[in-house]
Amino acid sequence: MTASLTVTPELSANCAYFFDLDGTLAEIKPHPDQVVVPKTVLHLLHRLAAQNAGALALISGRSMAELDVLTTPFRFPLAGVHGAERRDINGHAHIVSLPQDVEREIGVLLNAAMAELPGTTLEAKGMAFALHYRQAPEHEAALLALAQHIIHKWPQLALQPGKCVVEIKPKGTNKGEAIDAFMQEAPFAGRVPVFIGDDLTDEAGFRVVNRAGGISVKVGSGATQATWRLAGVTDVWRWLEQINCPQQEQKTTNDRRDSYEPFSRSI
């Protein structure tokens, strides 16, 4: 059973932080291109990373290229496309790819099928495909059947349902595997993992963090394996501000609250 994260759980000075992006650090929008991470939140992430020897990474279904754009001017360790691509603290990329002919054939098949489903959107990520239906929820069953057809034809692929999206990705890649890979490397190794996410795709990450005795946090409602819960994105922002402000700095922070005005207005 998850507990409401109304206060910060006891965090040691030896934590490794992992954050999903959409629905966690940024509000979900009708189209992925409309999503923005507030600058104040980016600075809080950067500060938290600096306080923890750089042990902070973003774990997302988005590509690493998209994540870099959304988090400019900072450059964090990343896992994109649910772990199919990953960039470590030294900037080294670890990529799972599909044969070009397979990628091309799947793209042609999906484009043709989804042209018959108005309001749906195909997002091709190279080694993965996201079938969005936020604007056409009536097509959820059709897209799920289409994705199942794809993974039946190409068994090296797997299905990953999410919020108003069905994703097709390389089998064996998930956010849990990505977090585990980071935890084998400096500066994450030996630290207590903390992972915050909002979607079904984050449950694999929660499992890994729970096994490691870490802190797993579900954003929003719904069944989860996470041990803590935050109500929404604005609560994540407040929590980030809280853990960036040690108790001894609280009065100073309150006194200079005006410096966080854009952040305060946004929440």
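Note that these values count all heavy atoms, side chains included, but never hydrogens, waters or copies made by symmetry.
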Less than 4.5 Å apart, any side-chain heavy atom of Met183 and any of Val208?
no
Taking the six-membered ring for Trp, are the ring centroids of His46 and Phe74 within less than 6.0 Å of each other?
yes
Are any non-hydrogen side-chain atoms of Asp198 and Ile28 less than 4.5 angstrom apart?
yes
State plainly whether the residues Asp22 and Lys163 are in salt-bridge range, i.e. N to O under 4.0 Å.
no
Under 4.0 Å between a side-chain nitrogen and a carboxylate oxygen: does that hold for Glu177 and Arg86?
no
When you look at His82 and Gln160, which way does the side-chain hydrogen bond (donor to acceptor under 3.5 Å, both in side chains) test go after all the steps?
CA-CA 9 Å; His82 308 289; Gln160 177 63 71; 5.5 Å; no
Can Asp101 and Arg104 be counted as an ion pair, charged N to O under 4.0 angstrom?
no
Of the non-hydrogen atoms in Ala49 and Leu56, which two are nearest, and what is the gap between them?
CB-CB, 3.9 Å
Heavy-atom pair with the smallest gap, counting every atom of Met114 and Leu122:
CE-N, 3.6 Å
Decide yes or no for Leu42 and Thr72: does some side-chain heavy atom of the first lie under 4.5 Å from some side-chain heavy atom of the second?
no
Gln34 atom CD, neighbour heavy-atom count above 12 within 6.0 Å:
yes
Heavy-atom check, side chain of Glu85 versus side chain of His94, under 4.5 Å:
no
Just verifying a value: how many Å separate Asn174 CG and Glu203 CD, rounded to the nearest 0.5 Å?
11.5 Å
For His132 against Leu143, the heavy-atom pair lying closest together
O-CD1, 3.9 Å
With a 4.5 Å cut-off on side-chain heavy atoms, are Val35 and Glu27 touching?
no
Do Lys175 and Phe206 have side-chain heavy atoms sitting under 4.5 Å apart?
no
For Phe182, run the ring-ring contact (aromatic ring centres under 6.0 Å, His included) check against Tyr17, Phe76, Phe188 and tell me which one passes.
Phe188
Would you indicate whether the side-chain heavy atoms of Arg229 and Val217 approach each other to under 4.5 Å?
no
Would you say Glu66's side chain and Ser63's backbone share a donor-acceptor pair under 3.5 angstrom?
yes
Glu123 side chain near Val165 side chain, heavy-atom distance below 4.5 Å:
no
